[in-house]
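Heads up: numbering here begins at 1 and tracks the sequence. Keep in mind the model is a prediction, meaning the values are calculated, not measured. Because only heavy atoms are used, hydrogens play no part in the values below, and waters and symmetry mates are left out as well, while side chains stay in.
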Amino acid sequence: MAQAQKRDEPRSETVFQVRDLSKVYQMGEVQVHALRSVNAELRSGELLVLLGASGSGKSTFLNILGGLDVPTSGNVRYREHDLTKADERKLTRYRRESVGFVFQFYNLIPSLTARENVALVTDISPHPMNTDEALALVGLEARADHFPSQLSGGEQQRVAIARAVAKRPDVLLCDEPTGALDLETGKLVLNVLQQVNSEVGTTTAIITHNAAIAAMGDRVIRMSSGEIVEERSNASRASVDEIEW
Ligand SMILES: Nc1ncnc2c1ncn2[C@@H]1O[C@H](COP(=O)(O)OP(=O)(O)OP(=O)(O)O)[C@@H](O)[C@H]1O
Ligand SMILES: [Mg+2]
């Protein structure tokens, strides 16, 4: 499947096309409508910020884009592929080759060094970066031999980002990547994500509770009760250091 492309290379404009996407969880007698007929598009190379209150459907939406969850109805096209029609084998391949995930908790393997954690992914990817190149991208080349317990939360998250981007995924999906970090460390991590998006050209979506973060994106989507209630483009994106927190 597709690899990340540099910003100045020609590229197809639409990475994801989402049509009438709904997700209903059946909890005994009660139905929870996590997504209600969501329509959206993600464009190649963009940095999208996804805002919304707790329970508004952000993670459900991102998980479906990443092939971690399936919708109840509706349709997601990823480039020329219909994800909603893909079988488990195809979805696994899609997740492995085309998607990088970053979560609130870094999910590093404690018994492996930073380099070995990244190598877990590069070893099974068709066109990976060199592990040290990936660690350099997040400013941690000097910490390659450190174990997660020897790294701060922000450094562990940067290793997780290095691991996610080392396979050169076409898309990078980040679910509250700064949720467990203090403000200053969170800014460092967001800086890294913005920089990776610029340098590698990976289409990136970042979920956050912090509306201030919206300024760092090319585009902002706000969700409420399973619906997209606002969608806007920033004329130019702010660098993380310019944002008033
Ligand atoms: N596995 C599940 N089973 C049942 N209900 C679920 C499940 N996952 C999510 N939900 C419900 O779907 C709705 C949307 O959840 P989701 O996790 O997408 O919200 P969110 O916007 O990511 O919230 P948060 O900001 O708290 O992470 C919520 O009402 C949630 O309780
Ligand atoms: Mg969530």
Side-chain angles (χ1 to χ4, degrees), residues 2-18 38-52 56-59 61-66 76-79 98-104 129 134 137-139 154 157-158 160-179 181 183 185-223 228-245:
Q3 297 291 304
Q5 293 170 320
K6 297 256 185 200
R7 279 185 159 248
D8 52 356
E9 286 174 7
R11 53 187 180 238
S12 77
E13 276 309 306
T14 304
V15 179
F16 288 109
Q17 185 133 47
V18 177
V38 166
N39 290 287
E41 229 178 74
L42 265 74
R43 292 170 210 133
S44 189
E46 77 174 334
L47 201 169
L48 176 77
V49 174
L50 200 51
L51 295 173
S56 58
K58 305 181 296 297
S59 296
F61 181 56
L62 213 71
N63 289 344
I64 293 174
L65 291 186
V76 178
R77 284 195 75 78
Y78 163 71
R79 297 196 183 270
S98 304
V99 191
F101 293 100
V102 178
F103 297 103
Q104 178 171 358
M129 289 178 197
L137 203 58
V138 300
Q157 187 61 299
R158 281 149 67 198
I161 293 169
R163 180 182 56 185
V165 299
K167 61 180 166 182
R168 299 184 201 277
D170 190 28
V171 294
L172 183 63
L173 304 178
C174 311
D175 194 343
E176 297 191 41
T178 62
L181 303 172
L183 183 62
T185 316
K187 284 190 201 173
L188 256 173
V189 164
L190 292 172
N191 241 324
V192 166
L193 287 172
Q194 198 181 43
Q195 178 203 329
V196 168
N197 171 261
S198 304
E199 289 180 10
V200 189
T202 311
T203 306
T204 303
I206 303 177
I207 290 181
T208 176
H209 279 122
N210 186 343
I213 292 176
M216 75 176 274
D218 298 306
R219 216 149 54 86
V220 184
I221 285 180
R222 184 189 299 278
M223 299 187 69
I228 292 179
V229 291
E230 185 189 351
E231 204 179 332
R232 65 171 199 270
S233 297
N234 289 328
S236 65
R237 63 191 200 190
S239 81
V240 173
D241 296 323
E242 283 164 6
I243 294 174
E244 300 256 350
W245 298 82

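The CD1 atom of I206 lies 4.0 Å from the CE atom of M216; values are rounded to the nearest 0.5 Å. Put simply, CG on L50 and CG on L173 are 10.0 Å apart, with the number rounded to the nearest 0.5 Å. Atom SG of C174 and atom CG of L48 lie 11.0 Å apart (nearest 0.5 Å). Here the CG-OG1 distance, from L47 to T204, works out to 5.0 Å after rounding to the nearest 0.5 Å. Summarising the geometry, atom CG belonging to L51 is positioned 8.0 Å from atom CD belonging to E230; distances are rounded to the nearest 0.5 Å. Taking CG of N210 as the start and CD of E176 as the end, the distance is 10.5 Å to the nearest 0.5 Å.
Of the possible polar contacts, none joining the Q157 side chain to the V189 backbone as a donor-acceptor pair under 3.5 Å is found. Between the side chain of K58 and the backbone N or O of R222, no donor-acceptor pair lies under 3.5 Å. Between the E231 side chain and the R219 main chain, no donor and acceptor come within less than 3.5 Å of each other. Judged by distance alone, the side chain of N197 and the main-chain N or O of T202 form a donor-acceptor pair under 3.5 Å. At distances below 3.5 Å, at least one donor-acceptor pair connects side-chain atoms of N234 with backbone N or O atoms of A214. A donor-acceptor pair is defined here as one N or O able to donate and one able to accept, closer than 3.5 Å; no such pair exists between the side chain of E41 and the backbone of V15. Distance alone, capped at 3.5 Å, places no donor-acceptor pair between the D175 side chain and the I207 backbone.
Taking all atoms of both residues into account, the shortest heavy-atom contact from P177 to V102 is CB-CG1, 4.0 Å. In this structure, I213 and V49 approach most closely via the heavy-atom pair O-CG2, 4.0 Å. In this structure, F16 and V76 approach most closely via the heavy-atom pair CD2-CG1, 4.0 Å. Listed here is the closest heavy atom pair of M223 and V229: C-CG2, 4.2 Å. Closest heavy-atom contact between V240 and W245: O-NE1, 3.5 Å. Heavy-atom minimum distance, P169 versus S98: CB-O, 3.5 Å.
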Q) Where do S198 and R237 land on the side chain to side chain contact (heavy atoms under 4.5 Å, CB included) test, with the steps shown first? A) CA-CA 11 Å; S198 304; R237 63 191 200 190; 2.8 Å; yes

Q: Determine, step by step, whether D218 and R43 satisfy the side chain to side chain contact (heavy atoms under 4.5 Å, CB included) criterion, reporting the C-alpha distance in whole Å, the side-chain angles of both residues, the deciding distance to 0.1 Å, and the verdict.
A: CA-CA 10 Å; D218 298 306; R43 292 170 210 133; over 6 Å; no

**Q.** V99 vs Y78, side chain to side chain contact (heavy atoms under 4.5 Å, CB included): CA-CA, chis, key distance, verdict
**A.** CA-CA 11 Å; V99 191; Y78 163 71; over 6 Å; no

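By the 4.5 Å heavy-atom criterion applied to side chains, I228 and N39 are not counted as neighbours. Taking the side chain as every heavy atom from C-beta outward, L65 and V18 approach each other to under 4.5 Å. Within the 4.5 Å cutoff, the side chain of R158 has heavy atoms near those of the L188 side chain. Looking only at side-chain heavy atoms (C-beta outward), N191 and Q195 stay at 4.5 Å or farther from each other. Two residues are said to be in side-chain contact when any heavy atoms from C-beta on lie closer than 4.5 Å; L137 and V200 meet this criterion.
One finds a salt bridge joining D170 and R79 here, because a Lys/Arg side-chain nitrogen approaches an Asp/Glu carboxylate oxygen to under 4.0 Å.
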